[in-house]
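The structure appears below as structure tokens.
Chain letters run A, B, ... following the sequence lines, proteins first, then strands; residues in each count from 1.
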Number of protein chains: 2
Amino acid sequence: MGTDDEMDRMHSSPTARPRRATSYDVARAAGVAQSTVSRCFKDDAKISAKTRDHILKIASDMGYTGNALARSLITQRSNVVGVIVTAFTIRNNPELIYALGEALQNAGNSLFLMVVENDDAIGASLQKAMEYPLDGLICCAQMPEDWIRQFANRGVPMVFFNRLVDSSLVDCITLDHAGAGRRIAEALYRAGHRSVVCVRGPERAPVSQLRVDAFRDRMAEFGIGSIPTVCTDFSYADGRRRFLDLVGGMKRPDAVFCANDQLALGVIDACRFDLGWRIPEDISIIGFDDIAEAGRPSYALTTVRQPIVDMAETAASLLLARIGDPDLPPRRIMVPGELIERSSARLANGSPPA
Amino acid sequence: MGTDDEMDRMHSSPTARPRRATSYDVARAAGVAQSTVSRCFKDDAKISAKTRDHILKIASDMGYTGNALARSLITQRSNVVGVIVTAFTIRNNPELIYALGEALQNAGNSLFLMVVENDDAIGASLQKAMEYPLDGLICCAQMPEDWIRQFANRGVPMVFFNRLVDSSLVDCITLDHAGAGRRIAEALYRAGHRSVVCVRGPERAPVSQLRVDAFRDRMAEFGIGSIPTVCTDFSYADGRRRFLDLVGGMKRPDAVFCANDQLALGVIDACRFDLGWRIPEDISIIGFDDIAEAGRPSYALTTVRQPIVDMAETAASLLLARIGDPDLPPRRIMVPGELIERSSARLANGSPPA
DNA sequence: ATTTCCTATGCATTCGAATGCACGATATCG
DNA sequence: CGATATCGTGCATTCGAATGCATAGGAAAT
């Protein structure tokens with residue numbers, strides 16, 4: 001014979017969303033108090049082995065699982081970390097997402113992902129991130145100062161990834177984009193290249209700015225002041241197209257510096273398939289990032305390696321450390337980019353190109 | 001002169017995590033009840049314009065934001081959707097994550113991302129997903145039957161992506177992998193290819209199985225029963241290496257069917273750079289997915305297009321629809337794969353290869 | 001057998017927002 | 001001017017788990 005309770009449940013409307021068992025349900029079934037059930041799932045709790053086993057058995061029979069929401073509400077700790085990424089980052093560095101996920105999950109955290117079209121469209125995501133009591137935030141996009149202050153006021157630790165934020169309230173990890181840009185300028189100049197062009201990313205993309213501006217500044221120091229440059233959306237197709245537009249009206253340049261590898265691949269294909277130029281005999285091409293395709297023999301792209309997985313792991317541990325101790329001094333890590341010499345550019349010391 | 005309250009805050013320990021303003025704080029400051037503050041943020045609430053403006057002003061001054069946790073607890077609706085993806089999916093179809101994120105975010109939902117190394121390592125993520133009261137789940141990995149039943153029991157709508165689940169409890173959307181596999185077999189056979197090999201994904205990867213098994217079955221129907229096949233981890237490097245192992249001990253085959261494009265790119269490079277075989281004159285190569293690189297002139301890979309962004313959007317709307325109405329009949333959508341003919345395979349009717 | 005002590009358990013409160021209900025104030029009508 | 005409807009607000013409860021405090025019960029010590 002069922003109790004009234006059971007009858008109630010059986011006769012409830014078929015469309016009613018099934019209710020999950022709560023600690024009260026388990027407590028009632030086990031003949032103990034709710035607090036005792038709660039204590040079953042804490043390691044340090046003082047509870048007799050007998051009761052614990054009894055309750056655990058019943059809990060598992062009923063399919064009971066703690067409710068993370070209720071728990072977070074009372075403990076003031078959600079174990080959820082927000083991650084903000086741009087469309088570009090997802091497409092260009094998918095590995096980053098996976099590495100962040102692994103690192104955070106292994107430390108017992110969950111990942112609240114916010115995707116944004118670009119750095120300017122971050123508003124709605126930040127609003128969401130505010131309403132959700134996140135334990136921390138890893139941001140791979142630019143964030144306005146006042147938002148940073150708001151998060152800081154609420155004690156939400158933040159780590160910026162490839163965005164150097166000028167604030168003592170947050171941690172940063174970034175590649176040394178500028179340093180690598182200079183390095184490339186030096187390498188090209190030393191190898192005798194004098195007529196150089198640049199294929200940038202979007203006008204306001206910080207990463208592209210840093211890379212290309214440093215390159216141009218260093219070249220200017222070498223006396224090479226005029227460097228034809230074109231902006232793109234960072235994609236293969238746009239790189240190919242705009243490069244063709246750029247060189248359409250000029251003498252063939254010696255070398256091209258591209259703000260990322262996708263662009264460089266586009267430029268390579270433009271040279272090979274549209275212009276009939278040989279690489280690197282006719283023109284040197286250098287990219288940035290060292291994505292998987294750059295290493296393939298069809299492209300063999302000379303580029304700067306961005307150790308994205310290492311950086312992701314570092315970002316995660318920076319954040320976890322600060323969650324553990326909010327009073328840590330702000331840290332800003334700058335990772336050097338390694339120049340990977342393949343065969344898309346003549347970099348060896350030699351006679352200047354004809 | 002500060003009030004006592006202010007003094008308290010200033011003298012509190014520097015390590016104390018700052019407390020965010022609650023609806024009670026706002027209520028006190030505005031001289032109203034907490035319930036009135038709460039009503040300010042609901043559209044349908046009956047509240048005078050005057051009070052609303054007054055409260056909203058104070059709320060914004062105090063930097064008040066609703067607490068999504070507390071709200072979800074009482075409304076039984078979290079507006080958070082779980083997404084489970086494998087490492088392979090992230091690497092191979094990063095676009096999927098972005099498209100899902102966009103679709104879900106535009107509908108007012110947030111994304112709870114769980115990354116898993118492969119289909120077998122899904123357990124921990126499912127545990128997390130259970131504890132979190134998610135409004136729904138999009139799963140791009142295989143899930144054991146009993147877990148599916150558990151989620152269903154709790155009324156969590158689920159959509160499987162590229163995993164055909166034999167359960168009336170969930171929705172599915174998947175490419176017609178088998179159909180496309182057969183299609184490729186037909187195309188190759190019709191073009192005269194008789195000596196064919198396969199480069200598969202991991203032994204137990206469902207997607208690889210469907211594609212390759214259907215291909216082999218169809219070939220068998222044509223009387224081509226023995227098809228040398230090798231398993232890989234789905235990566236470029238493994239594809240290249242294992243293909244070389246495979247063909248090392250045999251006469252050059254007419255054609256290769258690869259379970260995905262990464263593998264096909266590896267095979268192409270193996271032919272070109274390791275074996276010196278011309279494509280497609282010496283050998284036809286067909287891939288699967290139509291990733292970005294497949295379309296580039298350096299590869300010009302003939303492949304099956306998987307419309308991943310469309311599929312992601314469909315998956316999101318399937319889920320949102322079911323969240324809105326749990327009694328919808330289970331739907332299983334099978335998307336046809338379009339054969340994209342580029343120049344890595346001879347498919348035109350012609351004389352059989354020498 | 002009595003006291004002491006400790007362990008295991010229950011009780012009550014808390015986290016922050018949503019909401020049904022009651023009630024007071026104001027507007028509307030006869 | 002009084003009766004009634006309407007609108008706005010407050011009160012109290014709820015969601016589900018965690019935890020400080022009180023206490024019952026048993027074991028150990030005397």
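In terms of position along DNA chain D, the nucleotide closest to B:Tyr24 lies nearer the 5' end than the nucleotide closest to the other residue of the pair B:Tyr24 and A:Ala21. Residues A:Ala68 and B:Ile74 both approach DNA chain D. Their nearest nucleotides, taken by heavy-atom distance, put B:Ile74 toward the 5′ side.
Looking only at atom types and distance, the side chain of B:Ser48 has a donor-acceptor partner in the side chain of B:Thr51 under 3.5 Å away. In the model, A:Arg154 has a side-chain atom that pairs as donor or acceptor with a side-chain atom of B:Thr65 under 3.5 Å.
Salt-bridge check for A:Asp61 with A:Lys57: passed, with a basic side-chain N closer than 4.0 Å to an acidic carboxylate O. Checked for salt-bridge contact, B:Asp25 and B:Arg28 meet the test: a charged N lies under 4.0 Å from a carboxylate O.
Of the possible polar contacts, one joining the B:Thr75 side chain to the B:Arg71 backbone as a donor-acceptor pair under 3.5 Å is found. Distance alone, capped at 3.5 Å, places no donor-acceptor pair between the B:Asn162 side chain and the B:Thr174 backbone.
Residues in residues 314-326 of chain B take part in these side chain to side chain donor-acceptor pair (under 3.5 Å) pairs, two or more places apart or across chains: B:Asp171-B:Arg322.
For the atom pair CG (A:Leu113) and CG (B:Leu113), the distance works out to 5.5 Å, reported to the nearest 0.5 Å.
For B:Ala103, the side-chain contact (heavy atoms from CB on, under 4.5 Å) partners are B:Ala316, not counting sequence neighbours.
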Pairs under 3.5 Å (N/O, protein and nucleotides 8-10 of chain D):
{"residue": "D:dT9", "atom": "OP1", "partner": "B:Ser48", "partner atom": "OG", "Å": "3.2"}
{"residue": "D:dT9", "atom": "OP1", "partner": "B:Thr51", "partner atom": "OG1", "Å": "2.3"}
{"residue": "D:dT9", "atom": "OP2", "partner": "B:Ser48", "partner atom": "N", "Å": "3.1"}
{"residue": "D:dT9", "atom": "OP2", "partner": "B:Thr51", "partner atom": "OG1", "Å": "3.1"}
{"residue": "D:dG10", "atom": "OP2", "partner": "B:Ala33", "partner atom": "N", "Å": "2.9"}
{"residue": "D:dG10", "atom": "OP2", "partner": "B:Thr36", "partner atom": "OG1", "Å": "2.4"}
{"residue": "D:dG10", "atom": "N7", "partner": "B:Arg39", "partner atom": "NH2", "Å": "2.9"}
{"residue": "D:dG10", "atom": "O6", "partner": "B:Arg39", "partner atom": "NH2", "Å": "3.0"}

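Contact annotation for A:Thr75: backbone-only contact, meaning every heavy-atom pair under 4.0 Å involves sugar-phosphate atoms and none involves a base. Within the nucleic acid shown, B:Ser38 comes within 4.0 Å of at least one base atom, counting heavy atoms only.
Protein chain B touches strand DNA chain C; the 5'-most and 3'-most nucleotides with an atom under 4.0 angstrom of its non-hydrogen atoms are C:dG16 to C:dG20.
The terminal axes of the helix from C:dA1-D:dT30 to C:dG30-D:dC1, fitted over 5 pairs per end, subtend an angle of 40° to the nearest 10°.
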Distance-only check: which donor-acceptor pairs under 3.5 Å involve side-chain atoms of residues 114-121 of chain A, not counting sequence neighbours?
{"residue": "A:Asn118", "atom": "OD1", "partner": "A:Asp120", "partner atom": "N", "Å": "2.8"}
{"residue": "A:Asn118", "atom": "OD1", "partner": "A:Ala121", "partner atom": "N", "Å": "3.3"}
{"residue": "A:Asp119", "atom": "OD1", "partner": "A:Arg163", "partner atom": "NH2", "Å": "3.2"}
{"residue": "A:Asp119", "atom": "OD2", "partner": "A:Gln142", "partner atom": "N", "Å": "2.7"}
{"residue": "A:Asp119", "atom": "OD2", "partner": "A:Arg163", "partner atom": "NE", "Å": "3.1"}
{"residue": "A:Asp119", "atom": "OD2", "partner": "A:Arg163", "partner atom": "NH2", "Å": "3.4"}
{"residue": "A:Asp120", "atom": "OD1", "partner": "A:Arg204", "partner atom": "NH1", "Å": "3.4"}
{"residue": "A:Asp120", "atom": "OD2", "partner": "A:Arg204", "partner atom": "NH1", "Å": "3.2"}

